[in-house]
Amino acid sequence: MPLAEIKSSEEAINLEDKHGAHNYHPLPAVLSKGEGVHVWDVEGKKYYDFLSAYSAVNQGHCHPKIVNAMYEQASKLALTSRAFHNDVLGAYEKYATDYFKFDKLLPMNTGAEAVETAIKIARKWAYEKKGVKETDAQIIVCENNFHGRTTTIISFSNDEGARKNFGPYTPGFIKVAYDDPDALEKAITENDNIAGFLVEPIQGEAGVFTPANDYMKRAKEICNKHNVLFMADEIQTGIARTGALLAVCGNCTCEGHCERQETYTRPDILILGKALSGGNYPVSAVLADDEVMNVIQPGQHGSTFGGNPVAAATAVAALDVVRDEKLALNARKLGNLFRRLMDDYIKDSTIVELVRGRGLLNAIVINDSEESSTAWDICMALKENGLLAKPTHGNIIRFAPPLVMDEEQLRDCVDIITSTLKQFEK
Ligand SMILES: *Cc1c(COP(=O)(O)O)cnc(C)c1O
């Protein structure tokens, strides 16, 4: 192998610092191995992973079934481009559309690409089906959204760091308050050119901001009433993370594969990424029914790697694991336990204000300013104590372990978290 063996965390960090662009601010943990809910650093220290690569690794690190499917396909046929067919894509598309109950799937690679694809579909639909005059289409998005980092997507971000000096910005987006159906309806009724409403069912990057239980349902009703596409970005919340197959399923108590209309808010466009491959490979997808998806015709959108055989085989295995191992059910059960145990602690805490979330997508809000380093310092102490988590905003820490965790491990983690927090109580 042309790569020299890295012998210490410091060495690896120095290499990145010297030769890599500075576009992230990682915790100083250099990981070299993962298995299930655990990762190990180059010094051999073992950690619980409480980020799961932003909910990509829902199925746990290096799940043998997913790794095998990926490896077998990679050693048979890896890439044809879409200039030709391959013998895996169609089977994957059938599997995934049955699984999520949509007519069609459009395969891409990263989350941001899938969001871009959804935006393109919605605009084209507005011109060709809704009768909006070309170039006039608007998409409504929410304050404090996170949908990725392309030029178009950062155009409607509130994150100044992600926006500033990257303009000129893409027009055609209207921002409304999150968790506010009235604001949505007002924006829609004020403008005849609305193509879609793009929304995260829970705002992960904004700090696991969890809206009212009926927000999705009401937003969908408003979209329906005004012929606007309801576009759910479930890249972080989807695929069992929040205790249901999709976060738009709300508090449905099935094992994640029903269509109970009283709880399930079916999006017109569903956007998936991250855990679609269990974090093993960049796989994203946009799902919709024919009347929407068919606005895309041959030659109008594409990606060299989108829908490649390795991605397709990996995604099927990753979705299989979610169903076989009942990960939605586990996320719901452990999530309820996690918030109950944390609430017990928070009652007498001065340093933690609250815990919020759904399933195993949770966050605690630290009683300090967004500019303070307290949350970062807590994450550094958690690292010392064998658990990796990361602040989302200055004073919020997200807790999102792989969904293959068991109850004993979760209780062990809560012990680590609460004993660490005790060090910071005033
Ligand atoms: C991670 C994420 C994205 C972007 O995905 P990438 O694969 O990083 O491009 C988009 N939307 C949401 C909600 C996400 O969590």
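Basis for what follows: all heavy atoms, side chains included, without hydrogens, waters or symmetry-related copies. Indexing begins at 1, ligand by ligand and atom by atom, following the structure's order.
When each atom of ligand 1 is checked for a heavy atom of Glu200 under 4.0 Å away, the hits are 13 (C). Residue Ala112 has at least one heavy-atom neighbour below 4.0 Å for each of these atoms of ligand 1: 4 (C), 5 (O), 6 (P), 9 (O). Near Asp233, with a cut-off below 4.0 Å to any heavy atom, the atoms of ligand 1 are 10 (C), 11 (N), 12 (C), 13 (C).
Taking 4.5 Å as the limit, some side-chain heavy atom of Ile351 sits within range of a side-chain heavy atom of Thr374.
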**Report entry** ring pair (Phe, Tyr, Trp, His ring centres under 6.0 Å) between Tyr48 and His38, intermediate numbers included
**Finding:** CA-CA 5 Å; Tyr48 283 108; His38 292 112; 4.7 Å; yes

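Among Glu116, Gln236, Lys274, Glu113, the residue whose heavy atom lies closest to atom 1 (C) of ligand 1 is Lys274.
In terms of N/O distances under 3.5 Å, ligand 1 is approached by Gly111. For a threshold of 3.5 Å applied to N or O pairs, the pair formed by Glu205 and ligand 1 contains no separation below that value. For ligand 1, the polar-atom distance check finds no N/O of Ile235 at less than 3.5 Å from any of the ligand's N/O atoms.
At distances below 3.5 Å, at least one donor-acceptor pair connects side-chain atoms of Asp179 with backbone N or O atoms of Ala212. Here the side chain of Asp289 pairs a donor or acceptor atom with the backbone of Asp103 at under 3.5 angstrom.
With no hydrogens or angles considered, a side-chain donor-acceptor pair links Lys124 and Gln300 at under 3.5 Å.
Taking 4.0 Å as the cut-off between side-chain N and carboxylate O, Asp180 and Lys186 do not count as a salt-bridged pair.
Under the 4.0 angstrom criterion, atom 6 (P) of ligand 1 counts as having a protein heavy-atom contact.
By the criterion of a heavy-atom distance under 4.0 Å, both the backbone and the side chain of Phe146 are placed next to ligand 1.
Remark: Arg339 fails to qualify as a cation-pi partner of Phe399 under the 6.0 Å distance and 45° angle criteria applied to the six-membered ring.
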